[in-house]
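Naming convention: chains lettered A, B, ... in sequence-line order (proteins, then strands); numbering from 1 in each chain.
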2 protein chains.
Amino acid sequence: MTRTHAFDLAAYASVVNARFELRMRELLPREAPPRLLEAMRYSLEGGGKRFRPLLFVATLDSLGKEGLCYLDVGVAMEMAHTYSLIHDDLPAMDDDDYRRGRPTNHKVFGEAMAILAGDALLTEAFRILAELPLRHADFPPALALELVSGFAHALGAEGMVKGQVLDLEGEGKELPLEGVEEIHRHKTGAFLRYAVWAAVRIARPPREAEDALSRYAERLGLLFQVQDDILDAVGDAATLGKTPGKDAAQRKATYVTILGLEEAQRLRDRILKEAVEALAPLGEDAFRLEALARFVAARDR
Amino acid sequence: MTRTHAFDLAAYASVVNARFELRMRELLPREAPPRLLEAMRYSLEGGGKRFRPLLFVATLDSLGKEGLCYLDVGVAMEMAHTYSLIHDDLPAMDDDDYRRGRPTNHKVFGEAMAILAGDALLTEAFRILAELPLRHADFPPALALELVSGFAHALGAEGMVKGQVLDLEGEGKELPLEGVEEIHRHKTGAFLRYAVWAAVRIARPPREAEDALSRYAERLGLLFQVQDDILDAVGDAATLGKTPGKDAAQRKATYVTILGLEEAQRLRDRILKEAVEALAPLGEDAFRLEALARFVAARDR
């Protein structure tokens with residue numbers, strides 16, 4: 001994959017993100033009470049990496065479909081991701097005061113409004129997916145319905161919420177590595193896999209490419225988490241926008257607390273290699289996804 | 001509408017409810033963590049009136065469609081209704097310790113699990129709607145998508161969540177009657193209107209019947225709330241399963257605190273009359289819906 005070296009991921013991401021921000025604003029619910037909308041936007045526009053929409057668009061582009069034409073799906077993903085962060089930060093959950101260098105939603109708007117802003121973001125995300133055929137004349141209703149159903153699976157009691165429950169139940173326990181992986185395969189992995197899967201359902205590539213992307217998405221989710229744990233151990237507070245060292249302080253089982261830092265870094269490098277190798281069947285077209293995986297492994301926030 | 005007198009609503013409801021309970025259990029997410037599933041079922045199976053599914057089924061039956069064939073939509077409604085109750089009862093929201101005569105979800109499972117159980121119920125409700133064509137071979141995907149989109153509108157930032165935000169913002173304020181109505185038109189009305197609307201979308205009656213049902217649903221939502229406020233003023237704790245007098249104690253603006261008890265009762269009777277009159281274009285077929293409205297106006301819990 002020689003093109004990777006010539007591909008400027010940052011420039012690509014900034015184009016996607018600029019279009020994304022505009023589209024997201026267009027899709028906000030207009031008749032929402034002003035304070036609710038403010039709370040939703042506070043967290044939506046709080047400097048997130050927009051990683052899920054970017055992964056989705058990059059997958060479509062790699063499959064020869066114009067990813068920017070399907071940004072609405074990315075907006076739905078980012079809204080649902082933001083809902084999960086707002087609820088996760090609540091005092092009854094992780095009790096975080098800061099996120100991305102700013103006070104968390106409930107610190108600014110109060111707990112009740114934060115709960116409702118999260119509820120609204122999740123619901124509006126479903127609305128946006130369900131309205132795809134209204135906004136895109138050629139979008140088949142059956143495909144939109146498939147995206148809704150997959151979304152619910154990725155986010156619900158067998159997906160992301162399951163991961164959060166496992167995480168909750170694992171607190172203060174000595175989890176084995178498999179336990180930590182089980183948490184993250186659901187808590188973050190299911191959603192990242194959905195981003196790739198949704199692009200695959202839209203582009204309908206040959207089976208070989210579909211299988212390759214499914215393996216890639218699975219490794220990418222793992223990579224994401226291992227690097228998260230590494231950053232919590234060695235990251236810089238100002239860059240991270242949150243306080244590192246929290247996992248160790250809370251005696252939370254992570255890749256670093258179980259394997260040690262060096263072994264976790266070796267694992268990360270091995271998973272990155274596997275993610276890139278998984279892309280082989282896509283040939284040169286996979287350069288964006290390869291760059292994304294390298295970015296995930298090297299990111300400092 | 002002479003048949004009303006011969007129609008046994010309680011017997012009808014018990015048939016619908018018996019089938020409903022079975023179907024609901026079949027549609028629960030099988031791979032959910034046991035404790036999460038337990039929390040979801042605790043509130044789902046906690047003796048709710050199943051009013052939304054019943055209204056939906058009765059509307060279909062009135063339009064000549066077999067309502068029981070579409071129970072999945074009712075299950076989705078009841079799951080979403082239950083999510084809203086769990087989140088509404090949280091300490092940061094209404095801070096209720098009892099619901100339907102039992103400790104509220106967070107009192108039994110803790111706040112974190114209650115938040116997640118609510119999140120999961122909302123998400124699974126969308127899954128069930130999106131999977132209608134998977135479970136019913138003749139269910140058009142475009143219709144399922146329409147039900148998903150309407151559901152999100154009824155529940156989201158312009159629907160139920162909007163009502164909850166208005167309610168939150170109205171606390172401790174002297175609201176005029178229009179303010180109280182605005183809250184309830186969103187907080188409970190949007191969802192009840194959805195139950196009737198969903199049946200209409202499935203049965204596709206002539207325009208005249210559709211308009212009649214839309215007027216009926218609007219009056220029914222109002223009727224529901226006025227009677228709720230009356231019950232809070234004069235209801236019996238053991239029958240209600242919660243403590244009456246809470247509105248007055250919290251100095252909450254209700255139909256009773258604004259109008260006084262007698263005027264509120266007169267308003268209720270007038271709205272009931274309007275609801276029944278709205279059904280006229282449906283002729284004799286509307287007897288179930290008329291009985292439902294009379295039940296709502298006369299209920300003691």
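Listed in order of number, the residues of residues 138-151 of chain B that approach chain A to under 4.5 Å between heavy atoms are Pro141(B), Ala142(B), Ala144(B), Leu145(B), Val148(B), Ser149(B). Of residues 29-48 of chain B, those residues lying under 4.5 Å from chain A by any heavy-atom pair are Pro29(B), Arg30(B), Glu31(B), Ala32(B), Pro33(B), Arg35(B), Leu36(B), Met40(B). Residues of residues 107-135 of chain B lying under 4.5 angstrom from chain A, judged on non-hydrogen atoms, are Glu111(B), Ala112(B), Met113(B), Ile115(B), Leu116(B), Asp119(B), Ala120(B), Leu122(B), Thr123(B), Glu124(B), Phe126(B), Arg127(B), Ala130(B), Glu131(B), Pro133(B) by number.
For His81(B), there are no ring pair (Phe, Tyr, Trp, His ring centres under 6.0 Å) partners at least two apart in sequence or on another chain.
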